[in-house]
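The structure presented is a predicted model; accordingly, all values stated were derived computationally and were not measured.
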Amino acid sequence: MSSISNDCVLLILKYLQEENLVETAHALERQSGIFFNMNYVEELVMNGEWEETETYLSGFTEVEDNQFSTKMFFEIRKQKYLEALDRNDRNKAVEILKSDLKIFSRFNNDLYREMALLITLEDFRKHKSLRKYGDTVSARASILREIKKAIRSNPVFDGKLEFPAIDTAALRNLPSQEEEEEEEKDKEKEKEEEEEEKKEA
């Protein structure tokens with residue numbers, strides 16, 4: 001995307017934020033990949049909106065882009081898996097294990113096997129690595145810290161974590177500018193018609 005295009009997208013994003021068109025703004029952030037809204041990700045993670053978290057992240061990076069991206073997606077899917085186990089929803093846990101966590105077996109098969117073994121436990125907190133797992137809210141806060149750490153270390157997000165200072169006055173003035181241009185065109189057309197009339201006379 002060119003520098004001018006970037007400026008236009010940022011200008012529109014700022015305008016959408018000011019007009020409280022939040023969903024549209026987040027969609028544009030994701031589709032353009034130009035600004036990563038950390039506050040929005042914090043909100044999604046703390047609310048356990050895992051699908052939306054991944055959808056938003058996928059506008060900027062994929063699981064296998066680098067070790068930091070892999071870490072982010074793993075933490076999200078692991079938490080989704082643990083929450084299903086905590087609800088005693090074994091079917092959902094198996095589905096997550098097969099569809100979401102399986103990809104990570106290529107990076108660490110032993111870890112994947114350990115995750116699979118958690119299904120056999122009455123309470124996954126009995127596993128030595130999860131003894132300190134508390135309630136859902138504190139667990140989400142914990143993985144949020146890991147995700148934020150990975151994001152800040154990830155070169156994919158360089159220059160995308162801070163929104164630049166932008167004046168939306170230019171965007172707000174576009175309608176009046178267009179009107180002025182139309183008026184100019186109308187005046188020119190009138191002049192041309194008058195000149196034609198004079199010639200005919």
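- Residues forming a salt bridge (charged side-chain N to carboxylate O under 4.0 Å, His left out) with Glu43 (at least two apart in sequence, or on another chain): none.
- Every residue meeting the salt bridge (charged side-chain N to carboxylate O under 4.0 Å, His left out) condition with Lys149, not counting sequence neighbours, appears here in chain and number order: Glu146.
- Applying the salt bridge (Lys or Arg N to Asp or Glu O under 4.0 Å) rule to pairs touching residues 76-86 yields Glu51-Lys80, Glu54-Arg77, Glu75-Lys78, Lys80-Asp100, Glu83-Arg140, Asp86-Arg125, sequence neighbours excluded.
- In this structure, OG in Ser138 is found 7.5 Å from OH in Tyr133, a value given to the nearest 0.5 Å.
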- Step by step, would you call Arg90 with Leu85 a side chain to side chain contact (heavy atoms under 4.5 Å, CB included)? CA-CA 6 Å; Arg90 304 283 168 175; Leu85 289 175; 3.7 Å; yes

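- Within the structure, ring pair (Phe, Tyr, Trp, His ring centres under 6.0 Å) contacts touching residues 81-111 (residues at least two apart or in different chains) are Phe74-Phe104.
- Classified by interplanar angle (parallel below 30°, tilted 30° to 60°, perpendicular above 60°), the ring pair His26/Tyr40 is parallel.
- Both Leu28 and Ile34 belong to a common hydrophobic cluster when Ile, Leu, Val, Met, Phe, Trp and Tyr are linked at side-chain heavy-atom distances under 4.5 angstrom.
- Phe157 places none of its side-chain heavy atoms less than 4.5 Å from the side chain of Arg152.
- With hydrophobic clusters built from ILVMFWY side chains whose heavy atoms lie under 4.5 angstrom apart, Phe163 does not share a cluster with Tyr56.
- Residues Ile151 and Val63 are members of one and the same hydrophobic cluster, defined by side-chain heavy-atom contacts under 4.5 angstrom among Ile, Leu, Val, Met, Phe, Trp and Tyr.
- Here the side chains of Arg131 and Lys126 are not in contact, with every heavy-atom distance at 4.5 Å or above.
- Taking both residues in full, the closest heavy atoms of Ala84 and Ile96 are given as CB-CD1, 4.1 Å, listed atom of the first, atom of the second, then distance.
- Of the options Ile119, Asp123, Leu118, a side-chain contact (heavy atoms from CB on, under 4.5 Å) to Leu121 is made by Leu118 and by none of the others.
- Under the 4.5 Å side-chain heavy-atom criterion for grouping Ile, Leu, Val, Met, Phe, Trp and Tyr, Val94 is connected to Leu82 within one hydrophobic cluster.
- Residue Lys148 holds its NZ atom at 5.5 Å from CG of Leu144, rounded to the nearest 0.5 Å.
- Closest approach of Ser99 to Glu95, counting heavy atoms only: OG-O, 2.7 Å.
- The neighbour count for Lys160 NZ, taken as heavy atoms of other residues, nucleotides or ligands under 6.0 Å away, is above 12.
- The shortest side-chain heavy-atom distance between Phe68 and Pro155 falls under the 4.5 Å cut-off.
- Cluster annotation: Leu44 is connected to Met46 through the hydrophobic network of ILVMFWY side chains, with a link wherever side-chain heavy atoms come within less than 4.5 Å.
- The salt bridge (Lys or Arg N to Asp or Glu O under 4.0 Å) pairs that include a residue from residues 23-40 number zero, where partners must be two or more places apart or lie in different chains.
- Side-chain N/O atoms of Asn154 and Thr61 include no donor and acceptor closer than 3.5 Å.
- Not a single salt bridge (charged side-chain N to carboxylate O under 4.0 Å, His left out) links Arg87 to another residue, sequence neighbours left out.
- For the pair Val41 and Phe36, the minimum side-chain heavy-atom distance is below 4.5 Å.
- Side-chain contact between Leu13 and Tyr15: absent, with no pair of heavy atoms (C-beta onward) separated by less than 4.5 Å.
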